[in-house]
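These notes are about the structure you will find just below.
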There are 2 protein chains.
Amino acid sequence: MSLDLLSIYEHATFLISIKKSFLQKPYFYTSRSSQMHQNLVAYIHRYVEMSDTEIEVFNRYLIKRKISKREHLIEAQKETCTARYYIVKGCVRLYYFDEKGNEQIIHFGIDNWWISDYESLVNQLPAKLHIQAIEDTELLELTTEAFEQLSKKLPKVERLFRIIMEKTTVAFHNRIAYMLSSSGEELYTTFINANPGFCQRVPQYMIASYLGMTPEFVSKVRSRTKNNS
Amino acid sequence: MSLDLLSIYEHATFLISIKKSFLQKPYFYTSRSSQMHQNLVAYIHRYVEMSDTEIEVFNRYLIKRKISKREHLIEAQKETCTARYYIVKGCVRLYYFDEKGNEQIIHFGIDNWWISDYESLVNQLPAKLHIQAIEDTELLELTTEAFEQLSKKLPKVERLFRIIMEKTTVAFHNRIAYMLSSSGEELYTTFINANPGFCQRVPQYMIASYLGMTPEFVSKVRSRTKNNS
DNA sequence: AATACTCCTTAATCATGATTAAGAAGTTTA
DNA sequence: TAAACTTCTTAATCATGATTAAGGAGTATT
């Protein structure tokens with residue numbers, strides 16, 4: 001069972017397997033227009049072919065957004081999620097409050113992930129998930145209405161999102177596989193080994209929540225591994 | 001947090017919300033041609049509009065398959081997964097062996113689910129998952145090659161699968177949410193309340209594996225709840 | 001500079017659920 | 001019909017990780 005089982009960079013990992021240079025040179029395309037857009041262009045080209053004209057059409061349906069650290073993109077109960085969001089740069093968390101009132105993080109969104117509260121989006125129900133920025137974050141918003149219009153003009157957008165959702169399913173399969181077969185200590189050490197950079201961007205208690213353990217336990221594991229090495 | 005959080009009928013639940021009569025009258029469409037096909041027709045019509053001609057085209061790319069109880073559809077390591085499978089009737093499990101040699105069930109596939117080892121399918125890698133019939137099962141196989149040809153002829157097939165994968169993502173979000181916030185006892189009792197019929201079709205130890213607990217613990221929980229009621 | 005946050009650590013106690021081991025009941029196969 | 005599986009149960013012991021509580025270090029805010 002390889003380390004990247006618990007990688008939150010699941011998407012990126014697969015991108016790399018197609019064209020390694022992408023993540024190493026993320027600013028390659030920046031000369032022509034704004035970086036935000038060209039970041040997504042590079043992403044799209046990993047999955048479907050799209051002409052400059054088509055990219056231009058796609059771009060017209062996107063709304064640039066910035067949210068600052070701690071700001072919410074979506075607040076559960078208060079609203080229905082009406083868009084898919086592409087994270088150009090930054091980090092968000094998707095979380096909810098369980099019956100005992102504890103925050104539970106069910107997903108992190110980082111650069112090059114598309115995120116949404118899909119249950120709210122697909123079924124047009126009030127959101128159950130909060131989506132909050134952990135860092136200042138740049139996003140591109142594709143509303144459901146925009147998506148529907150765009151996919152009529154550009155049917156291959158459906159293909160793009162079909163592929164994205166399949167990649168997402170792979171990530172969830174792997175995460176559940178690892179959750180089922182590992183102890184808490186294994187989960188934590190595997191996670192930090194798989195995502196060393198990420199763990200310095202995010203408070204420890206959020207990683208604990210994502211992995212389904214208490215911050216105190218993470219602390220214990222850390223001190224144990226420190227003493228053993 | 002509603003009961004259907006742990007329902008393996010997640011897909012079906014959403015189908016019902018669009019047209020309740022579907023699952024109550026699953027044989028409504030059977031007069032015209034074989035039941036297998038018409039079962040899928042009804043499914044497709046929940047998500048996209050498709051003319052009789054288009055349905056006929058779609059159907060030409062499908063291969064009918066039957067596997068009997070205990071037979072494997074996919075065996076990990078031995079092969080690469082090259083198809084998506086629609087379950088017309090029956091039940092399969094997706095599982096793998098962890099480093100300690102334990103079977104871990106990461107997903108059940110039942111009537112009206114599309115299943116696959118998506119990691120193997122998407123990245124063309126040897127399968128890591130075994131897919132095995134728990135009951136005699138009727139399937140429709142859509143190979144990757146057939147899918148590619150079909151989606152060129154019928155672009156809306158991409159839309160169909162995009163929607164299916166979004167529904168799947170919702171199911172995984174909810175499953176992870178519940179895994180993170182519930183005790184083993186809660187997980188088990190919620191699961192059997194959400195899927196009473198299913199639990200009579202499947203051995204208890206498989207449910208234990210799916211929920212990430214030992215069969216002995218399930219047994220203990222059952223005797224506890226028996227005595228309390 | 002003082003106060004209030006936010007985040008992390010440590011340690012004692014406790015409970016959930018795993019492990020181990022034995023056996024029983026039901027179902028196949030020979 | 002006996003032998004061999006498969007599945008489930010029970011109970012004793014043990015370990016992982018939660019809970020509780022206290023304190024400390026770093027960072028914002030006034």
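Proteins come first, then strands; the chains are lettered A, B, ... in the order of their sequence lines, and each starts at number 1. Hydrogens, waters and symmetry mates are skipped; everything else that's a heavy atom, side chains included, is used.
- Counting only heavy atoms from C-beta on, S223(B) has its side chain closest to dT10(D) among dG17(D), dT10(D), dT19(D).
- The side chain of E216(B) sits closest to dT20(C) out of dT20(C), dG17(C), dC7(C).
- Comparing dC7(C), dA18(C), dG17(D) by their closest approach to the side chain of T214(B) singles out dA18(C).
- Listed nucleotides: dG17(D), dC8(D), dC8(C). Nearest to the side chain of Q204(B): dC8(D).
- One interatomic measurement links the two molecules: OH of Y188(B) to P of dT16(C), which rounds to 18 Å at whole-angstrom precision.
- Note: Y96(B) and H173(A) fail the aromatic proximity criterion, with ring centroids not under 6.0 Å apart.
- In this structure, the CG atom of L211(A) is 18 Å from the P atom of dT16(D), given to the nearest Å.
- Among the nucleotides dC8(D), dA18(D), dG17(C), the one closest to the side chain of P203(B) is dC8(D).
- As a whole-Å value, the separation of L187(A) CG from dT16(D) P is 14 Å.
- Relative to the side chain of S219(A), the nucleotides dC8(C), dA18(D), dA18(C) differ in distance, and dC8(C) lies closest.
- Neither OP1 nor OP2 of dC8(C) sits under 4.0 Å from any side-chain N or O of R222(A).
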*Decide yes or no on side-chain hydrogen bond (donor to acceptor under 3.5 Å, both in side chains) for S209(A) and Y95(A), but give the supporting numbers first.*
CA-CA 9 Å; S209(A) 170; Y95(A) 70 101; over 6 Å; no
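- dC7(C) atom P lies 10 Å from atom CD of E103(A), rounded to whole Å.
- Comparing dT9(C), dG17(D), dG17(C) by their nearest atom to the side chain of E185(A) picks out dG17(D).
- Listed for the D98(B) side chain is a donor-acceptor partner under 3.5 Å among the backbone atoms of N102(B).
- Within 6.0 Å of the NZ atom in K100(A), the count of heavy atoms belonging to other residues, nucleotides or ligands exceeds 12.
- Using modelled atom types, one side-chain atom of Q132(B) and one backbone atom of R70(B) make a donor-acceptor pair closer than 3.5 Å.
- Counting to the nearest Å, the P atom of dT20(C) and the NZ atom of K220(B) are 15 Å from each other.
- One atom, CD1 of I134(B), and another, P of dT6(D), lie 16 Å apart when rounded to the nearest Å.
- Between the CZ atom of R70(A) and the C1' atom of dT6(C) there is a distance of 7 Å, given to the nearest Å.
- Note: CE (M206(B)) to P (dT6(D)) measures 11 Å, nearest angstrom.
- Nearest-nucleotide mapping onto DNA chain D: of M213(A) and F217(B), the residue sitting toward the 5' end is F217(B).
- Side-chain atoms of Y205(A) lie closest to dC7(C) of the nucleotides dC7(C), dG17(D), dG17(C).
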